[in-house]
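Here is the structure we will look at, set down as structure tokens.
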Amino acid sequence: MQIFLYDTTLRDGTQREGLSLSVEDKLKITLMLDELGIHYIEGGWPGSNPKDAEYFQRVRETPLRQARVAAFGSTRRAGGQCDDDANIQALVAAQTPVVTLVGKSSVLHVEQVLETTRAENLAMIGESVAYFKALGKEVCYDAEHFFDGYKLDADYALSTLRTATEAGADVLVLCDTNGGSLPHEVAAITRVVRAQIGDAPTQIGIHTHNDGALAVANAMAAVQEGATQVQGTINGYGERCGNMDLIPTIANLQLKLGYTCITPAQLARLSELSYYVAAIANLNPDDHAAYVGRSAFAHKGGIHVAAIAKVEHSYQHIDPTLVGNQKRVVVSELSGRGNIRMRAEELGLHLNGHEREVLQQIKERESKGYQFEAAEGSFEMLVRRSAADYVAPFELLDFTVTVEKRGSNEITALATVKVRVGDELMHTAAEGEGPVDALDAAIRKALLPHYPQLAEVRLVDFKVRIIDAHLGTAATPRVLIESARGDERWSTTGASPNIIAASYQALWDSLELPLLRG
Ligand SMILES: [Zn+2]
């Protein structure tokens, strides 16, 4: 059975604190959603700001494969008429094939927030829906606070839906606006709605928020009771605790319950969609997001890793490739030899019986504050150095770092290093923005004449984390360096009570690794 996906990332999603999308951003996300088979894309509220009005104008000129664009707005104002209602006319001007009208279904909101009568609210719903049906639009009617309103006065809440259906609404969307409903309530109330609208051609939709961490569960409960449209956002972006996250909802509906949402090929790009929208929204992807997070299929415990080496699905709820994710073996002090072997094989390296030795070194270093989980480059170096015939491309022998502040002058940093390449011994010195930058510059200065390829290696991120923070300034800093060459990236780590020493270890690995990978 087909379930229609209605995305409101561009409207409800941007209600999230700190999230703002330009018109350009919105158009990029629109194209991606269209490509991945999302059926409806709610572009914004044209009555609320000029940016949304510009989006609707530009999206009209953008050819889409299949998605239908929806403009969002409220029913006409109390006591007015659709013809001269600014908000309604902004929706007309948006010229979208779909109009989504939000109206009140709760007597609390009708009488105490809107301060109008129950009868006038019904007239507002009926006239607004009929107005857009007469213009030939597909109309989704969003019944705001429907579940809460139903609990207050079920008859009235149902009469708002009946009014919308009689006026010709194509979809009745039951909204859990405050996000506090529970799945069994959503299921029971959706069942009643379905019985009430009976054989009407009107579809039922569900729009949930995540205030009780149940938005996905609530949407699924409604689908199991006959809702055929699910409204949510990519990555669950939205006001307060967020909207229903379409990503796990699509995966659950399709992989667990056998509904059809998108094609298997589109489903295999779900991880890409999640990352793409996060990147445009300028938000960090959630590593622990269900289905698509980097850690969603990461295995750390030795017993788990030993088991998946035998039967891959023994510790995985689905095959990660179905949603474009991948299995990952994490290396840490909790690892068994199996983890080490599998991770090395993923890197194309062979341990030739050195598993125990490498594991011993990992455990030793982790006890000093290293962390290999996020530093796969340093893990790779441990494995490579464990080979009996390993020849290091260089050796860092000594270093000094001077940080100086004299009078009112700026603080300066100078590093000198002694490096051996083959039989040749070099002394170099360099200044930097800070001590680590100076050290990096001095090491590169010594190595570049021998390894000109290092000119392409960039340091892209440098993070310091304090472990055992309760020790104050005597606590151990852990340094994580991320380096890049073209599209290739690697992370390396070091830990020491001395932050320069920790950085030195991470820098060493970060520069040695690219020489070995060739
Ligand atoms: Zn909402």
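Heavy atoms only: backbone and side chains are in, while hydrogens, waters and symmetry mates are out. Indexing begins at 1, ligand by ligand and atom by atom, following the structure's order.
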- prompt: Is the gap between the ring centers of F297 and H317 under 6.0 Å?
  reply: yes
task: Using a cut-off of 2.8 Å, find all protein N, O or S atoms closer to the Zn ion (ligand 1) than that distance.
output: D12 OD2, H207 NE2, H209 NE2
- prompt: Out of V69, V59, L91, which one pairs with T96 under the side chain to side chain contact (heavy atoms under 4.5 Å, CB included) rule?
  reply: V69
Close side-chain approach of I303 and Y315, heavy atoms under 4.5 Å: yes
query: Should L270 and L267 count as side-chain neighbours, where that means a heavy-atom distance under 4.5 Å?
result: yes
message: Going by salt bridge (Lys or Arg N to Asp or Glu O under 4.0 Å), name the pairs with one or both residues in residues 153-165, residues two or more places apart or in two chains.
response: R118-D153
- prompt: Are E120 and K104 within salt-bridge range, i.e. N to O under 4.0 Å?
  reply: no
